[in-house]
Protein chains: 2
Amino acid sequence: MNRRQSDRHPTGTPTLIDVAKVAGVSPITVSRALGRPELVTDATRRRVLAAVRTTGYVPNLAAGSLAGRRSRLMAIFLPTIANSIFADTVQALTDRLAEAGYQTLLGLTGYCPEQEQALLEAVLGRRPDGIVLTGTEHTQASRDCLARVGIPVVEAWDLCERPLDMLVGFSHEAVGRAVARYLLSKGYRRVSVVSIDDPRGLRRCCSLIEAMAEQGADPIAMEVLPAPATVAVGRQGFCRLLERNAAGDVVVCSSDTVAQGVLAEAASRGLSVPEHLAVMGFGDLSSAAHSHPTLTTVRVDGARIGRTIAEALLARIAEPGQARAPLRLDVGFELIVRDST
Amino acid sequence: MNRRQSDRHPTGTPTLIDVAKVAGVSPITVSRALGRPELVTDATRRRVLAAVRTTGYVPNLAAGSLAGRRSRLMAIFLPTIANSIFADTVQALTDRLAEAGYQTLLGLTGYCPEQEQALLEAVLGRRPDGIVLTGTEHTQASRDCLARVGIPVVEAWDLCERPLDMLVGFSHEAVGRAVARYLLSKGYRRVSVVSIDDPRGLRRCCSLIEAMAEQGADPIAMEVLPAPATVAVGRQGFCRLLERNAAGDVVVCSSDTVAQGVLAEAASRGLSVPEHLAVMGFGDLSSAAHSHPTLTTVRVDGARIGRTIAEALLARIAEPGQARAPLRLDVGFELIVRDST
DNA sequence: CTGTTAGCGCATTCAG
DNA sequence: CTGAATGCGCTAACAG
């Protein structure tokens, strides 16, 4: 007895077949009316849509993934969502993908390549049509995995020589150097750093330190605290710098959220910014510190990164040509100076 | 010619059958060795695992969803991820779910029930095993949809009389009243509010205003700005209050991030907190303002909410009994007083 | 403990 | 423009 579930449980989740019966057409016509309306008469499409409504049919995307070749699923891996500087990127990205009929599988990697790898192996079972990774630091197993499956991959928020596939970001070394150049031009020579333990943040800092050293500035005191970036991290890092008597003329922070903490602590100690002490941040538009009158910061256009990633992925998926056009986009950054000097 | 893809494309993605051939067992044994190891001999399991390794097999979860009854997918809907007060909740939730073999489908609703509904209809096609919604405000269509599919639903970060299914949150009205009680006890009578346009934030504020009015306090000035909550919102809202000369003795903010903006603006204008002006916030542990020495705030244990949700979902899925045990948990909140008075 | 059989719900061939 | 056949890769049910 080859009885379908829909026969057995008339009250169960309706399938294409149920809709087809109600509409008086074949199942495939229903499929087409829904997925490629241009291949179907207006009249039949309307009948199908009516049947969909009366049955309460919701297409089973797992079946669709299996039969077709697309899952309409996009995986996005972030280090964390806490006070994330990726907020604008993710919002823009998911908005565009949702618009294109894609759903978003979220993975939180905790700044840890091994965790990323574990997540990746799990998520690839879902056969996503593309994947967005934060950063360019991955285990060899992850690289092999991604090379094997051959889906479009975007590495975001960083730049590197040999990307896995596509790359949309900016140079964290360039950020560090730009900050150094700015600080030197302003006459700051005693610089300190508060950073979370995040590879990109640390690279910005190292690059800053290196550039300052080259110009003969004083050695830079650095406080590194565990992720995620919170205001508390900024406060605590700044306190430690003060205890060491090492805060200098300017505190450079790994993110705007951390900078907020430094500003708060400074205010509570009666240190005025930027007169007694300057503070620098880093982040995107919706990030904590923008529009702060006394905080100079490096702004990244996160939303643009998100939109760019979405378009790159969708374009790659649309074209049948498997040739990986090596998109490698440096979106750059912008120094936003906000002090009275 | 019933040739399987794995026959046609020896280089294509390996399937269960490929693994079975290599291991010298039947496909179902591979399936069991991977999914329910306890049903299989140690020896055969090892052979299967070795074969998995050599083939590079990754189970196709779409096929699994279709054949089995579980998708191992959980949908999580948030208003936004920008400066989210849900960060701790999401982190704890996804951590626990990942541990249990679940993957997370992310939906961003933008505080909009209609957008939530559209997302819901799309996501239900993926047949998630459960779904987590933020808040209790949903369209009737969403409610009907969820009632029909019958999967476990958790509404988070709020309380209401008739939840869809399970509920883990706290009363925003109670928060408003607690803040009112505290402010009155401290002798504040001239209160102002800066809030984003978020249903729960507004309910906290309304409840505060009502409670203050009952006690004969002055009318409360309110500035409501569009979501998402940013530091800029706090600055701008506070500026407007000052322009109206309506900031009073204490500014109550819809979130810690907003409070940060108020604090920053106050500092830049030389207003000392809490002497000239007190500021109140709201948020979870990792939120912007905690550990601020001069900010009194309402703390919510977001991580606990996340863990509770995860356990509730997993328990409901584990038990075959479809009876919806109406979990309705008030996790409460905590007033953290940080001022010198 | 292992294998056999029979679909899960849909989309891609091909025909008409 | 519509329909019929077929199988995507896997697991549930039953046998052995």
Side-chain angles (χ1 to χ4, degrees), chain A residues 1-9 12-21 23-48 52 55 57-72 101 124-127 129 149 320, chain B residues 1-9 12-21 23-48 52 55 57-72 101 124-127 320:
Chain A
M1 301 291 264
N2 291 352
R3 294 163 65 83
R4 312 184 61 87
Q5 187 188 353
S6 40
D7 298 333
R8 289 198 305 269
H9 311 285
T13 311
T15 75
L16 215 51
I17 295 180
D18 301 312
V19 179
K21 279 180 195 154
V25 296
S26 81
I28 186 60
T29 300
V30 177
S31 172
R32 286 202 269 250
L34 263 30
R36 311 168 74 186
E38 70 276 12
L39 297 183
V40 147
T41 311
D42 245 38
T44 61
R45 200 187 61 222
R46 256 193 297 276
R47 299 223 332 268
V48 168
V52 166
T55 53
Y57 170 68
V58 178
N60 185 324
L61 267 22
S65 300
L66 195 57
R69 37 181 148 277
R70 299 185 325 257
S71 64
R72 293 203 163 285
L124 286 181
R126 213 61 74 172
R127 304 290 186 266
D129 292 342
V149 300
Chain B
M1 300 290 265
N2 291 351
R3 294 164 65 83
R4 312 185 62 87
Q5 185 188 356
S6 41
D7 298 333
R8 291 197 304 267
H9 310 285
T13 312
T15 76
L16 214 51
I17 295 180
D18 301 312
V19 180
K21 280 180 193 153
V25 295
S26 80
I28 186 65
T29 300
V30 176
S31 171
R32 287 201 269 249
L34 262 31
R36 312 166 75 185
E38 70 277 13
L39 297 183
V40 146
T41 310
D42 244 38
T44 61
R45 200 187 63 222
R46 255 193 298 277
R47 298 219 339 263
V48 168
V52 166
T55 54
Y57 171 68
V58 178
N60 185 324
L61 267 22
S65 299
L66 195 56
R69 36 181 149 277
R70 299 183 325 255
S71 63
R72 294 204 162 284
L124 286 181
R126 213 62 74 172
R127 304 291 187 264

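Source: prediction; values computed, not measured.
- Here C:dC8 presents its C1' atom at 11 Å from CZ of B:R127, a figure rounded to the nearest Å.
- Distance, B:D42 CG to C:dC1 P: 10 Å, rounded to whole Å.
- Counting to the nearest Å, the C1' atom of C:dC8 and the CZ atom of B:R70 are 15 Å from each other.
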Output side-chain donor-acceptor pairs under 3.5 Å for residues 25-35 of chain A, partner residues at least two apart or in another chain, one line each.
{"from": "A:S26", "atom 1": "OG", "to": "A:T29", "atom 2": "OG1", "distance (Å)": "3.3"}

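- If you measure from atom CD1 of B:I17 to atom C1' of D:dT11, you get 13 Å, rounded to the nearest angstrom.
- As judged by a 4.0 angstrom heavy-atom cut-off over every strand, A:L16 is placed among residues touching the sugar-phosphate backbone only.
- Taken from CG in A:D18 to OG1 in A:T13, the straight-line distance is 9.5 Å, to the nearest 0.5 Å.
- A distance of 11.0 Å separates CG in A:L61 from OG in B:S71, rounded to the nearest 0.5 Å.
- Considering only the side chain of B:L66, D:dG9 comes nearest among D:dA13, D:dG9, D:dC1.
- In this view, A:R46 and A:D42 satisfy the salt bridge (charged side-chain N to carboxylate O under 4.0 Å, His left out) rule, not counting sequence neighbours.
- Distance B:R47 CZ to C:dC1 C1': 14 Å, rounded to the nearest Å.
- Distance A:N60 CG to C:dG9 C1': 6 Å, rounded to the nearest Å.
- At C:dT2, one or more side-chain N or O atoms of B:T41 fall inside 4.0 Å of OP1 or OP2 (strictly under the cut-off).
- Shown for residues 29-40 of chain B: residues whose heavy atoms fall under 4.0 angstrom of DNA chain C, namely B:T29, B:R32, B:L39, B:V40.
- Out of C:dC1, C:dT12, C:dG9, the shortest distance to the side chain of A:I28 is found at C:dT12.
- Here B:R47 pairs with nothing under the side-chain hydrogen bond (donor to acceptor under 3.5 Å, both in side chains) rule; sequence neighbours left out.
- The side chain of B:S26 sits closest to C:dT4 out of C:dC1, C:dC10, C:dT4.
- For B:S65, there are no side-chain hydrogen bond (donor to acceptor under 3.5 Å, both in side chains) partners two or more places apart in sequence or in a different chain.
- Across all strands shown, A:T44 has heavy atoms under 4.0 Å from sugar-phosphate atoms exclusively, and none from any base.
- Closest to the side chain of B:P59, out of D:dA13, C:dC10, D:dC10, is D:dC10.
- Rounded to whole Å, the distance from OH on B:Y57 to C1' on D:dG9 is 7 Å.
- For the pair A:R69 and C:dT13, the criterion of a side-chain N or O lying under 4.0 Å from OP1 or OP2 is met.
- The side-chain contact (heavy atoms from CB on, under 4.5 Å) check on B:R70 picks up B:R72, B:Y102, B:D129, with sequence neighbours excluded.
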